[in-house]
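Everything quoted here is computed from the prediction, not taken from an experiment. To find a chain, count down the sequence lines: A is the first, B the second, and so on, and within it residues start at 1.
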Protein chains: 2
Amino acid sequence: MTGDRRGDLFSPDCPTRRLLDRLGTKWTSMVVGSLADGGELRFTELRRRAPGISQKMLSTTLQNLVLDGLVARRVEDTVPPHVYYRLTELGTSLEVPLSALREWAQQNMGRIDDHRTRTEADRAGAVARPALYSGRRPSGTAP
Amino acid sequence: MTGDRRGDLFSPDCPTRRLLDRLGTKWTSMVVGSLADGGELRFTELRRRAPGISQKMLSTTLQNLVLDGLVARRVEDTVPPHVYYRLTELGTSLEVPLSALREWAQQNMGRIDDHRTRTEADRAGAVARPALYSGRRPSGTAP
DNA sequence: CGGGATCCGCGGGGATACTG
DNA sequence: CAGTATCCCCGCGGATCCCG
């Protein structure tokens with residue numbers, strides 16, 4: 001639809017593949033969403049906003065985001081220390097297509113769920129068919 | 001930025017969370033991309049277009065997409081049978097935000113990689129700091 | 001041709017305990 | 001407060017074999 005091919009989608013270093021790998025990692029998109037929503041947040045505040053996350057996974061997720069340059073980390077050198085996280089420009093720019101995906105999800109996941117439950121109910125309609133194909137026939141060799 | 005809160009991002013049934021779970025599953029986005037690009041394709045043709053996919057994962061991925069209503073399955077009752085897959089309208093509509101994400105990835109993953117390699121090189125700049133905070137002080141109890 | 005059934009390795013990620 | 005270190009479980013996904 002866009003006009004360009006997607007044949008390179010499967011190359012091992014396909015950027016889309018790798019981006020989705022990261023976004024698919026359980027908490028990344030939520031943390032990004034929290035920071036997009038809350039501006040600059042501290043570690044514990046992020047934990048509060050992510051019910052169920054372990055501090056290990058929050059830590060790991062943030063480290064990756066910082067390494068990727070999507071999130072900036074700022075340390076206030078008090079005792080005890082305060083650490084703040086915020087989206088970089090790159091991270092903010094990611095929010096654009098990401099929020100488009102969120103919007104799609106909010107409007108359509110219901111339909112997906114409906115389709116699921118409806119088609120899963122059709123398991124009662126299964127019919128037993130007679131065998132139609134019994135193995136491949138190697139070309140050149142007779143049975 | 002959009003004006004609405006994202007506090008429900010963390011509810012267990014958050015649509016965005018669940019959508020990304022599926023897109024994050026290794027082959028889903030590629031299969032969707034292939035079908036968006038190739039129109040109606042047969043099982044084996046999809047395998048050809050996805051170097052490295054096992055038939056089990058292609059099968060599983062397609063089943064989920066069909067259950068979700070994103071992909072339609074059509075069986076031509078020949079011997080041996082021919083099975084065709086194509087995006088439904090819902091699936092095609094997903095391609096819109098998804099291609100936006102692809103575009104972002106193609107334009108920015110390079111910067112992410114650069115930031116990675118550069119900051120990972122800064123491991124040599126690590127400095128040992130003296131202890132500043134030795135455990136919490138329970139309020140009401142003296143050391 | 002288009003799958004299903006089974007086995008198994010690996011890594012994501014949760015729980016817990018400890019530290020600067 | 002903001003992490004690191006360790007252990008361990010479980011489910012994704014690859015390999016292989018078989019069937020309609």
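Atoms CG (B/D21) and P (D/dG11) sit 14 Å apart, rounded to a whole Å. When rounded to the nearest whole Å, the span between CD1 of B/I53 and C1' of C/dG3 equals 13 Å. Whole-Å rounding puts the A/R22 CZ to C/dG11 P distance at 16 Å. A/L41 has its CG atom 11 Å from the P atom of D/dA2, to the nearest Å. Atom P of nucleotide C/dC1 and atom CG of B/L58 are separated by 14 Å, given to the nearest angstrom. Rounded to a whole Å, the CZ atom of A/R47 is 11 Å from the C1' atom of C/dA15. Between A/R74 atom CZ and D/dG3 atom P the separation is 13 Å, expressed in whole Å. Regarding B/M57, its CE atom lies at a distance of 19 Å from the P atom of C/dC8, rounded to whole Å.
In terms of phosphate contacts, B/R42 brings no side-chain nitrogen or oxygen within less than 4.0 Å of OP1 or OP2 of C/dC1. When the side-chain nitrogen and oxygen atoms of A/T25 are compared with OP1 and OP2 of C/dG13, one or more of them lie within a distance under 4.0 Å. In terms of phosphate contacts, B/S59 brings a side-chain nitrogen or oxygen within less than 4.0 Å of OP1 or OP2 of C/dG4. Put simply, B/Y85 has no side-chain N or O that comes within less than 4.0 Å of OP1 or OP2 on C/dC1. OP1 or OP2 of C/dG2 has at least one side-chain nitrogen or oxygen of B/T44 nearer than 4.0 Å. Distances shown here put every side-chain N or O of A/T78 at or beyond 4.0 Å from the OP1 or OP2 atom of D/dC1.
When heavy atoms are screened at a 4.0 angstrom cut-off, B/R73 is found touching the sugar-phosphate backbone but no base atom. Residue A/Q63 is in sugar-phosphate contact alone, with no base atom involved, counting any heavy-atom pair closer than 4.0 Å across all strands shown. Looking at heavy-atom distances under 4.0 Å, B/Y84 makes no contact with the nucleic acid at all.
Considering B/T61, B/T28, B/D68 as possible partners of B/R22, the one that fulfils the side chain to side chain donor-acceptor pair (under 3.5 Å) test is B/D68.
Under a 4.0 Å N-O distance rule, the pair B/R102/B/E95 qualifies as a salt bridge. Checked for salt-bridge contact, B/R17 and B/D21 meet the test: a charged N lies under 4.0 Å from a carboxylate O.
Nearest nucleotide to the side chain of A/P81, out of C/dG20, C/dG13, D/dG14: C/dG20. Of all nucleotides listed (D/dG3, C/dA15, C/dG2), C/dA15 comes nearest to the side chain of A/K56.
Among all heavy-atom pairs drawn from B/L19 and A/A105, the shortest one is CD2-CB, 3.7 Å. Shortest non-hydrogen contact noted between A/P15 and B/Q106 is CG-CG, 3.7 Å.
For a distance-only test at 3.5 Å, the side chain of B/K26 fails to qualify as a donor-acceptor partner of the base of D/dG13. A/Q55 contributes no side-chain N or O that forms a donor-acceptor pair with the base of C/dG14 under 3.5 Å.
Along DNA chain C, the nucleotide nearest B/L62 and the nucleotide nearest A/G24 are compared for position; the residue whose nucleotide lies closer to the 5' end is B/L62.
When only modelled atom types and interatomic distance are considered, B/S59 and B/Q63 share a side-chain donor-acceptor pair under 3.5 Å.
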